[in-house]
Amino acid sequence: MGIDYRAELNSAQYEAVTTIDGPLLIIAGAGSGKTRVITYRIAYMLDSHIPQKAILALTFTNKAAREMWERVRTLTGKKLTNLTVGTFHSFGAQILREHIHLLGYRPTFSIYDTQDQKALLKQCIQEVGLNPDLANISTIRNTISAIKTGRAVWNAENEVYRAVYEEYHAHLRAYHAVDFDDLIVLPIRLFETHPEVIASYRERFRYILIDEFQDTSILQYHFIKLLAEEHRNLCVVGDDDQSIYSWRGANYENFALFERDFPERKEVKLEQNYRSVQTILEAANQLISHNTNRKEKRLWSGRPGKTAIYLTFPSDEREESEYIAETIRTVVLKERIPYHEIGVLVRTNSLMTPIEDAFLRHNIPYKLSGGTSFFERKEIKDIIAYLRVILNPDDDVSLLRIINTPRRGIGRQTLHMLGEYATEHELSIYSALTSLLYAQGLPPQVARTFDEFVSLIEEFGERISRRTSIAETVRDLVDRIDYFEYLMQEHRDNEKVARYRYQNLMLFADLIERWENDPDNLNPNLGAYLTRISLITKDELDEEDTKGKVNLMTIHAAKGLEFAHVFLAGVEDGIIPHARALEESEANMEEERRLFYVAITRAREALYLTSCRQRRVMREDQEQTPSPFLEELPDHLIETKAPPSDLTEEDVEDIFARMKSRFGS
DNA sequence: TTTTCTATCAGCAAC
DNA sequence: TGATAGAAAA
């Protein structure tokens, strides 16, 4: 019972699916059945007797990876024990776990997230004595990342950060720690310095498939090229119009690089849209045509739809969220749209708050994506830091986080002394601790605290190496350090918060337990778990209870998703396009437009745009102007409705007219 | 010397 | 709203 590829795919899709030898570029417009093409393509390869182990498919999120894996499994009905589907970062981490010793790191290396990076940078800034006026940590972090991912080079402007950059990497190395960018940088270094390693990967992965190609960085492209240039069976799938991650290194010049490096490539364009009504597609096409330097494409679905785009001008964010909540109620009741088929999108996380309030007032069930994820909560990160130190005691950043949490009386002075000693003897803080203990010159009070801490880490280190249950170990650890007492102390005024946070820790232990006991999990050790949660994406935790809930998320988080009805809030100048994005560079206007494009192409049936006339930003009421992108949507497709207020039809007309004259259409 | 309290400042997107 | 730095209290 094979798959009838011809019958189940349109002709462009069929071509994309069955062209498996040689390089292939698939331009997949929004809603053009991209995931379907990828899954069918993998199935087709398996049907053509290409072994699972020869196939590598890389995406950007774990969620997308798992979904792909799941769909291939359903489609083929095969057990996929040897198929490699993952994210760039997880694949990089996997390579490092196996070979990083060749670069002089221990396989128990820690992976630093943005927070950890910033903590480390703060330290480095002091050490190199950088002028604090120049020391905006986020700027420095971004610069470092830009340099590492190859989207910036050292120049007169950023030269001042060079010393910090060097110091930062010296520290990472000493701590046996890597940052996210290193998960690509180090495998490349490994490939370039150890030909036998790259040879083994090339031999194994003869067929490579890259999803969301428009989001790859120069570095990732280089990585792909190293893997694929011998066999040249490289298929990249992407949509230049949906490139919205340039700030994370995405470089859509990669399309050109691919064309240069693989001149024999074939190209397939998927333009038939299976998602949206024609009105929405026309608006999207019109909008995106204002961008220059893009691959020309016109989405079409032929699906008729009555007016599907509604625009309102609420007076402020309160009225906006009321309008959204009330409209959702109506749509759910009258059109029988289930809650989970509704998406409310915003440009920034801060815009979510008033909308959440309205949902609560109106009893609308909702699910948040984005914001701080479970694993970024303080209490969870604390325990994770303990686990990291237990596994890798040289990880100073994690150690500094926990050495006085809960309070053990190791304060600023003591830490300063420790730091000095460590630097002087070129030791990690942990080694400094043990060495000072051994030397016995410490005041007895301090010595006892140090000793207790070191014993704690050692005892749990032993438990981990004995491979006792990680979940049990975590529960015992939380108990042993009396974290609950610490929480109660921190929230004396609010016991509920303390209990809630403690509950989170218990939930954390349960999650570990579930992971440990998963029969599909071949190697449930602590290192693997820590890697996993470093790379986990926010929406992975709660996919079960998503039914019957409105999705409230940022536009970035909505990429790849679709909803019957989509609300886009805060369609105002300065929000989208975002003022800070434009500050950085004029060129960001096009990316902001793509962001807007991604937002509107999420909608199948209807799209609601709201643009407030006034908004409270940082405790101040600001007059807002509608987003200039509204001007780029065809007039006749948009219905301007009065918001549910005492605003008259004339007022609305008036606002619209004013807006027009401002942007001069 | 450490902990707690208070004032001040800054807030785009996230693997 | 939350994080952080500096001052007062323990």
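Chain letters run A, B, ... following the sequence lines, proteins first and then strands; every chain starts at 1. Scope of the values below: all heavy atoms of this structure, side chains included, with no hydrogens, waters or symmetry mates.
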**Q** Of A/R492 and A/E592, whose nearest nucleotide on DNA chain B comes first from the 5' end?
**A**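 By nearest-heavy-atom nucleotide position, the 5'-most residue is A/R492.
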**Q** Considering every strand and a 4.0 Å limit on heavy-atom distances, what is the contact class for A/E584: base, sugar-phosphate, or nothing?
**A**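 Base contact.
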**Q** So what does A/R377 hit on the nucleic acid, given a heavy-atom distance under 4.0 Å: a base, only sugar-phosphate, or nothing?
**A** nothing
**Q** With no hydrogens and no angle check, is any side-chain donor or acceptor of A/N136 less than 3.5 Å from a backbone partner on A/T139?
**A**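 Indeed, once roles are kept as given, a pair shorter than 3.5 Å links the two residues.
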**Q** From the set B/dT3, B/dC12, B/dT1, return the single nucleotide nearest to any side-chain atom of A/Q413.
**A**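 Given the options B/dT3, B/dC12, B/dT1, the side chain of A/Q413 is closest to B/dT1.
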**Q** Does any N or O in the side chain of A/N404 come within less than 3.5 Å of the main-chain N or O of A/R407, such that one atom is a donor and the other an acceptor?
**A** no
**Q** Whole angstroms only, please: what is the CE-C1' distance between A/M553 and B/dC12?
**A**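 Rounded to the whole Å, the gap is 17 Å.
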**Q** Give a yes or no on whether a donor-acceptor pair under 3.5 Å exists between the nucleobase atoms of B/dC12, that is its base, and the side chain of A/R347.
**A**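 Indeed there is one.
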**Q** Let's see if you can work this out: which of C/dA3, B/dT3, B/dC12 has an atom nearest to the side-chain heavy atoms of A/N404?
**A** B/dT3
**Q** For A/E592 and A/H578, indicate whether the former's side chain and the latter's backbone hold a donor-acceptor pair under 3.5 Å.
**A**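 Yes, because the side chain of A/E592 sits within donor-acceptor range (under 3.5 Å) of the backbone of A/H578.
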**Q** Contact class for A/S350 (heavy atom, under 4.0 Å): base, sugar-phosphate, or nothing?
**A** nothing
**Q** Looking for any heavy atom pair under 4.0 Å, which part of the strands does A/D113 touch: base, sugar-phosphate only, or nothing?
**A**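 Answer is nothing: A/D113 stays at 4.0 Å or more from every strand.
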**Q** Decide whether a cation-pi geometry holds between A/R97 and A/F109; the criteria are a distance under 6.0 Å from NZ or CZ to the six-membered ring centre and an angle within 45° of the ring axis.
**A** yes
**Q** Under 4.0 angstrom, heavy atoms only, what part of the nucleic acid is A/R412 near: base, sugar-phosphate, or nothing?
**A** sugar-phosphate
**Q** Atom CZ of A/R407 and atom C1' of C/dA10: how far apart are they, to the nearest Å?
**A** 13 Å
**Q** From the set B/dT2, B/dC15, B/dA13, return the single nucleotide nearest to any side-chain atom of A/T414.
**A** B/dT2
**Q** Starting at CD1 of A/I403 and ending at P of B/dT1, how long is that distance when rounded to a whole Å?
**A**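 So the two atoms are 17 Å apart, to the nearest Å.
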**Q** Between B/dC12 and A/N142, is there an OP1 or OP2 to side-chain N/O distance shorter than 4.0 Å?
**A** no
**Q** In terms of side-chain geometry, is the basic nitrogen of A/K34 or A/E212 positioned less than 4.0 Å from the acidic oxygen of its partner?
**A** yes
**Q** Do you know which two heavy atoms are closest between A/V397 and A/Y175, and how far apart they sit?
**A**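 Nearest pair, atom of A/V397 first, then A/Y175: CG2-CE1, 3.9 Å.
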**Q** Take A/K122 and A/T353, find for each the nucleotide of DNA chain C with the closest heavy atom, and name the residue whose nucleotide sits nearer the 5' end.
**A** A/T353
**Q** Expressed in angstrom and rounded to an integer, what is the separation of A/R580 atom CZ from B/dA13 atom P?
**A** 10 Å
**Q** Using a cut-off of less than 4.0 Å, is there contact between a side-chain N or O of A/T114 and OP1 or OP2 of B/dA14?
**A**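 No, no such contact exists.
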**Q** Does the B/dC15 base have a donor-acceptor partner in the side chain of A/S534 within less than 3.5 Å?
**A**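 Checked by distance alone, the answer is no.
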**Q** Side chain of A/H89 only, heavy atoms from C-beta on: which candidate in B/dC15, B/dT2, B/dA13 is closest?
**A**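 Nearest to the side-chain atoms of A/H89, counting from C-beta on, is B/dC15.
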**Q** Please report, rounded to the nearest Å, how far the P atom of C/dT4 is from the NZ atom of A/K118.
**A** 10 Å
**Q** What's A/F88 touching, base or sugar-phosphate or nothing? Going by heavy atoms closer than 4.0 Å.
**A** nothing
**Q** How do A/I410 and A/Q117 order along DNA chain B: which one's closest nucleotide is nearer the 5' end?
**A**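 Looking at the nearest nucleotide for each, A/I410 comes out on the 5' side.
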**Q** Could you tell me the separation between the CZ atom of A/F91 and the C1' atom of B/dC15, rounded to a whole number of Å?
**A** 17 Å
**Q** Can you measure A/M352 atom CE to B/dC12 atom P for me and round it to whole angstrom units?
**A** 14 Å
**Q** What is the distance from CG of A/D181 to C1' of B/dC15, rounded to the nearest Å?
**A** 9 Å
**Q** Report yes if the ring of A/Y245 lies under 5.5 Å from the six-membered base ring of B/dA14 with planes under 30°, and no otherwise.
**A**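 Aromatic stack with B/dA14 absent for A/Y245.
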**Q** For the side chain of A/M618, counting heavy atoms from C-beta on, which of B/dG11, B/dC15, B/dA14 is nearest?
**A** B/dG11
**Q** Of the options B/dC15, B/dA13, B/dG11, whose atoms approach the side-chain atoms of A/R248 most closely?
**A** B/dC15
**Q** Decide if the gap between the ring center of A/F255 and the ring center of A/F213 is smaller than 6.0 angstrom.
**A** yes
